[in-house]
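Notes to accompany the following structure.
This chain uses plain numbering: 1 for the first residue, then up along the sequence.
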Amino acid sequence: MSASLEDWTSRRHALAVAAFGVVAGAFLLNAFVVVKRLGGTNWHVTLLLLVPALAQFVAVLWSPLDPRRPLGRRPFTWFGIPVHFLLFLPLLGLLPHDPLALVLVLAVCGAAQMLLVPVQNGILARNYGVGTRGRRLGVATAVQAVSIVAVSFAAGRLLDRRPDSWPWVYAGAALAAIVSYRLWSSMHRRVAKPPVSTLPDHASPLAALRQDRPFRQFEVSFMLYGLGFLMLQPVLPVYLSQDLGVSYTEAAIATGAIFWIATIVTSPLAGRLADRIGILRLGAIAFGALAAFPLVLLVWPTLGGVYVAYALFGVAMSGVFLAWTAGPMHFAEKRNPLPYLNAHL
């Protein structure tokens, strides 16, 4: 692996995720815009979350961005950027003032983002060497987190003062997406040649799951974690507000400031640790630490306990984020990483 190519990719990667943090920060407010500005209901919010999740499932069975298909040849230029032009429609007055219309635009953009993740991680799998991959991914995670926090706060303040400015927020997100995907496109054109491998490539994501038992165990374990924490999400607001009497401001400090600051500070450190001990060991440590989050909330039912719990949550999630990104790369070894990355979505 060329050190100059790694450094070049690392700089582009940091700029790309910083730009995409603008998109992600704006999208954190999607449900609020749909409900508060357009009169959306719970069904609209459910649809907003469901379509990108379905895109993750479809990618396992069939991805339109497979490099053997036309869109897969230039996925960012022919797919990612055109889809995000839809975010200009509200500002141009070309979108009906209806919650369903905005939900469909946002959901399609979210689905496109999910389908592009394996392509992005495939570039990083080829252009980052195993010995430095964790460190570089950790720095990028921190950079994106800073961007998300800054933009979501700024956009929230703007919408509080000028509620009708939400079309401008999405126009800004569209511009940021274009910048980000242009950077990814430049990296896509300069992917390192695949290494020589004695292991056969898998024909599809399903084949990778069927034929690679350790990878299948990794995916099942990740799915169980996801299900567990998804079930925890509806409980947390009720527990914090009704049982512990946490205010809006205190909840914002815990879930926004403390969680993200802990993630930002520890992501580069987690990346360096992954390079030393391996991504799977880091993942095991991170998931072990993650168990402390609900335990602290249970045994220390005070505001101080909430703050400590969310700090631990942020520290643990810095390792989980890295394991989610780099785990499939580890199992792919020198094979084509795309079947593993698509299966992992």
Side-chain angles (χ1 to χ4, degrees), residues 16-17 19-67 69-122 144 147-148 151-152 155 159 165-185 188 205 338 341-342 344-345:
V17 297
F20 196 77
V22 176
V23 185
F27 272 40
L28 283 178
L29 302 173
N30 284 349
F32 295 96
V33 172
V34 168
V35 173
K36 295 185 70 172
R37 299 309 308 158
L38 299 178
T41 65
N42 289 340
W43 290 106
H44 291 106
V45 176
T46 300
L47 181 62
L48 189 62
L49 301 173
L50 183 62
V51 174
L54 287 175
Q56 291 178 290
F57 177 73
V58 169
V60 177
L61 304 175
W62 179 85
S63 174
L65 303 183
D66 188 300
R69 298 189 172 95
L71 283 178
R73 296 171 190 167
R74 299 185 69 182
F76 303 103
T77 303
W78 293 350
F79 181 72
I81 291 175
V83 167
H84 283 79
F85 267 98
L86 293 172
L87 295 174
F88 286 117
L89 294 179
L91 184 62
L92 297 174
L94 299 176
L95 194 72
H97 194 77
D98 177 82
L100 181 60
L102 181 61
V103 163
L104 291 176
V105 166
L106 296 175
V108 167
C109 289
Q113 293 163 13
M114 295 308 305
L115 290 173
L116 284 164
V117 167
V119 182
Q120 294 166 329
N121 288 343
Q144 184 163 356
S147 180
I148 290 171
V151 171
S152 61
L159 293 176
S165 64
W166 63 268
W168 288 95
V169 173
Y170 288 122
L175 290 173
I178 292 168
V179 171
S180 179
Y181 287 141
R182 287 285 295 170
L183 289 163
W184 280 108
S185 182
H188 189 254
L338 280 179
L341 295 166
N342 277 313
H344 187 59
L345 264 186

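Residues Leu159 and Ser165 have side chains in contact (heavy-atom distance under 4.5 Å, counting atoms from C-beta outward). Looking at heavy atoms from C-beta onward, Val103 lies out of side-chain contact with Leu38 at the 4.5 angstrom threshold. Put simply, the side chain of Tyr170 does not reach to within 4.5 Å of the side chain of Val105, judged on heavy atoms. At a threshold of 4.5 Å between non-hydrogen side-chain atoms, the residues Ile178 and His84 do not count as touching. The closest side-chain heavy-atom distance from Trp184 to Leu116 is not below 4.5 Å. At least one side-chain heavy atom of Cys109 sits under 4.5 Å from a side-chain heavy atom of Leu87.
A pairwise comparison of heavy atoms in Leu115 and Val119 identifies O-CG2, 4.2 Å as the closest pair. Across all their heavy atoms, Gly122 and Leu341 have their closest contact at N-CD1, 3.3 Å. When all heavy atoms are compared, the tightest approach of Val169 to Ala26 is CG1-CB, 3.8 Å. Counting all heavy atoms, side chain and backbone alike, Val23 lies closest to Ala173 at CG2-O, 3.4 Å.
The list of salt bridge (charged side-chain N to carboxylate O under 4.0 Å, His left out) pairs with a residue in residues 28-49, not counting sequence neighbours, reads Arg37-Asp164.
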Next item on the list: Check the pair Trp166, Leu29 against side chain to side chain contact (heavy atoms under 4.5 Å, CB included), reporting the backbone distance first and the verdict last.
Entry: CA-CA 10 Å; Trp166 63 268; Leu29 302 173; over 6 Å; no
Next item on the list: Determine, step by step, whether Val35 and His44 satisfy the side chain to side chain contact (heavy atoms under 4.5 Å, CB included) criterion, reporting the C-alpha distance in whole Å, the side-chain angles of both residues, the deciding distance to 0.1 Å, and the verdict.
Entry: CA-CA 8 Å; Val35 173; His44 291 106; over 6 Å; no
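Between the side chains of His188 and Ser185, no donor-acceptor pair of N or O atoms lies under 3.5 Å.
Partners of Val22 according to the side-chain contact (heavy atoms from CB on, under 4.5 Å) rule, which considers only residues two or more places apart in sequence or in another chain, are Ser147, Val151, Ala176.
Ring-plane geometry between Phe85 and Phe88 is classed as tilted, the angle between the planes lying from 30 to 60 degrees on a 0 to 90 degree scale. By the 30° and 60° cut-offs, the orientation of the rings of Tyr181 relative to Phe20 is tilted.
Summarising the local packing, CH2 of Trp78 is surrounded by more than 12 heavy atoms from other residues, nucleotides or ligands at distances under 6.0 Å.
A distance of 11.0 Å separates CG of Leu86 from CG of Leu102, quoted to the nearest 0.5 Å. A distance of 11.0 Å separates OG1 of Thr77 from CG of Leu71, quoted to the nearest 0.5 Å. Here Asn42 contributes atom CG and Leu47 contributes atom CG; the two are 12.5 Å apart, rounded to the nearest 0.5 Å.
A side-chain donor-acceptor contact under 3.5 Å links Asn30 to the backbone of Phe27.
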